[in-house]
Amino acid sequence: MSSPSTTVASKVVLITGASSGIGEATATTLAAAGHHVVLGARRTDRLAALAEDIEAQGGSAFPLALDVTDPAGVRSFVAAAHDRYGRVDVLVNNAGIMPLSRLDSLRVDEWNRMIDVNLRGVLHGIAAVLPIMRDQRRGHIVNISSVSGLRVDPTAAVYSATKHAVRALSEGLRQESRELRVTVVSPGLTRSELTGSIGDSGVKDAVREQMGIAIPATAIGEAVRYAIDQPADVDVNELVVRPTAQG
């Protein structure tokens with residue numbers, strides 16, 4: 001997967017959940033490609049270290065505290081980026097959690113947390129950037145979904161529901177937009193910290209056994225780079241990226 005042969009102008013790219021995993025890999029990939037990355041996450045110490053590393057490599061990074069479940073906090077995150085750079089070209093809605101469990105385990109608090117982060121967090125990001133992108137008459141929203149948004153497996157019912165919803169709202173946004181680009185990236189098994197949020201020990205062990213075939217998070221970062229580096233009249237709507245060995 002490669003970028004167009006023409007030189008791509010630097011873009012201001014906001015990334016949620018940037019302190020680890022796919023978010024971190026996307027930030028380093030895009031910064032290395034010459035884009036300005038605005039890093040959002042709750043773990044500000046890790047964001048600061050990531051920004052320092054990116055800057056040491058000659059890239060441009062701006063770290064900001066962010067909790068995607070707080071609408072006002074998301075608006076402040078976007079406003080700070082806009083104030084610093086004068087524009088917002090791309091939002092990568094990446095923040096997510098995956099506390100898998102069977103429905104009959106009745107982990108209702110975990111269900112609600114997934115809905116808050118995986119779905120409402122995406123909506124908060126969209127709501128915060130849309131007015132700016134409308135005024136600019138251009139912009140790109142990249143929503144990180146999952147192959148669980150294409151299928152449903154035991155223990156993943158609620159997680160899959162949130163990811164199916166992300167795909168649905170992305171398609172709705174795409175159809176409502178004529179000047180904005182909308183991309184859904186659906187990773188398969190990817191090395192990240194997502195399994196750490198699984199509270200059910202049996203499910204966690206089962207998932208970890210599958211992770212031997214997982215692809216690096218940089219593969220997803222490259223997919224995001226490919227989508228945002230296309231010409232303005234090309235909208236890459238959906239990318240599914242998973243291990244060759246994944247069923």
Please find the pair of heavy atoms, one from [X] and one from [Y], that lie closest to each other, and give the distance.
X    : Y    : result
W111 : S101 : NE1-OG, 4.3 Å
Q175 : E171 : NE2-OE2, 2.8 Å
T69  : H124 : O-CE1, 3.5 Å
L66  : G73  : CD1-O, 3.9 Å
L239 : A227 : CD1-CB, 4.3 Å
G96  : N118 : CA-OD1, 3.2 Å

Working to the nearest 0.5 Å, report the span between [atom1] of [X] and [atom2] of [Y].
X    : Y    : atom1 : atom2 : value
L180 : L91  : CG    : CG    : 11.5 Å
N93  : L119 : CG    : CG    : 10.5 Å
L50  : T44  : CG    : OG1   : 12.5 Å
E176 : L169 : CD    : CG    : 10.0 Å
R208 : M211 : CZ    : CE    : 9.5 Å
D205 : Q210 : CG    : CD    : 11.5 Å

State whether R113 and E110 are salt-bridged, where the test is any N-O pair (Lys NZ or Arg NE/NH1/NH2 against Asp/Glu carboxylate O) under 4.0 Å.
-> no
Carboxylate-amine/guanidinium contact D135 R137, below 4.0 Å | no
In chain order, what residues pass the side-chain hydrogen bond (donor to acceptor under 3.5 Å, both in side chains) check against R87, with sequence neighbours excluded?
-> D89
With D200 via side-chain hydrogen bond (donor to acceptor under 3.5 Å, both in side chains) - residues at least two apart | none
Same hydrophobic cluster for I115 and I144, using side-chain heavy-atom links shorter than 4.5 Å among ILVMFWY?
-> no
Is there a path of hydrophobic side-chain contacts, each under 4.5 Å between heavy atoms of I, L, V, M, F, W or Y residues, that connects L103 with V207?
-> yes
Side-chain donor or acceptor of [X] paired with backbone N/O of [Y] under 3.5 Å:
X    : Y    : answer
T183 : V236 : yes
S76  : A72  : yes
H140 : V90  : no
R42  : D67  : no
K163 : V158 : no
S160 : S148 : yes

Do any side-chain atoms of residues 14-31 form donor-acceptor pairs under 3.5 angstrom with protein atoms, and if so which ones, sequence neighbours left out?
residue: T16; atom: OG1; partner: N94; partner atom: N; Å: 2.9
residue: T16; atom: OG1; partner: A95; partner atom: N; Å: 2.9
residue: S19; atom: OG; partner: R43; partner atom: NE; Å: 3.3
residue: S19; atom: OG; partner: R43; partner atom: NH2; Å: 3.2
residue: S20; atom: OG; partner: R43; partner atom: NH2; Å: 3.0
residue: T26; atom: OG1; partner: I22; partner atom: O; Å: 2.8
residue: T28; atom: OG1; partner: E24; partner atom: O; Å: 3.3
residue: T28; atom: OG1; partner: A25; partner atom: O; Å: 3.0
residue: T29; atom: OG1; partner: A25; partner atom: O; Å: 2.8

Could you pull out all residues at least two apart from V184 that satisfy side chain to side chain contact (heavy atoms under 4.5 Å, CB included)?
-> S145, R167, S170, S186, E238
L173: partners by side chain to side chain contact (heavy atoms under 4.5 Å, CB included), with sequence neighbours left out = I126, L130, I141, S177, V182
D229 and H35: side chain donor to acceptor below 3.5 Å | yes
Sequence neighbours excluded, which residues qualify as ring pair (Phe, Tyr, Trp, His ring centres under 6.0 Å) partners of Y85?
-> H36
For a 4.5 angstrom cut-off between non-hydrogen side-chain atoms, does [X] reach [Y]?
X    : Y    : value
P187 : T190 : yes
M114 : I97  : yes
I215 : R191 : no
V224 : V185 : yes

How far apart are the C-alpha atoms of R225 and E222, what are their side-chain angles, what is the distance that settles it, and do they pass the salt bridge (charged side-chain N to carboxylate O under 4.0 Å, His left out) test?
-> CA-CA 5 Å; R225 183 182 68 85; E222 287 291 345; 2.8 Å; yes
Of all residues at least two apart in sequence or in a different chain, which pass the salt bridge (charged side-chain N to carboxylate O under 4.0 Å, His left out) check with [X]?
X    : result
D233 : none
R242 : none
R181 : none

Pairs meeting criterion side chain to side chain donor-acceptor pair (under 3.5 Å) with involvement of residues 45-59, two or more places apart = R46-E193
Mark yes when over 12 heavy atoms from residues, nucleotides or ligands other than R138 sit less than 6.0 Å from its CZ; otherwise mark no.
-> yes
Which residues, ordered by chain and number, are linked to V240 in its hydrophobic cluster, where ILVMFWY side chains connect at heavy-atom gaps below 4.5 Å, directly or through other members?
-> V147, L150
ring-ring contact (aromatic ring centres under 6.0 Å, His included): which pairs involve residues 149-182, sequence neighbours left out?
-> none
side-chain contact (heavy atoms from CB on, under 4.5 Å) between D235 and R174, worked out | CA-CA 9 Å; D235 189 0; R174 184 194 70 80; 4.1 Å; yes
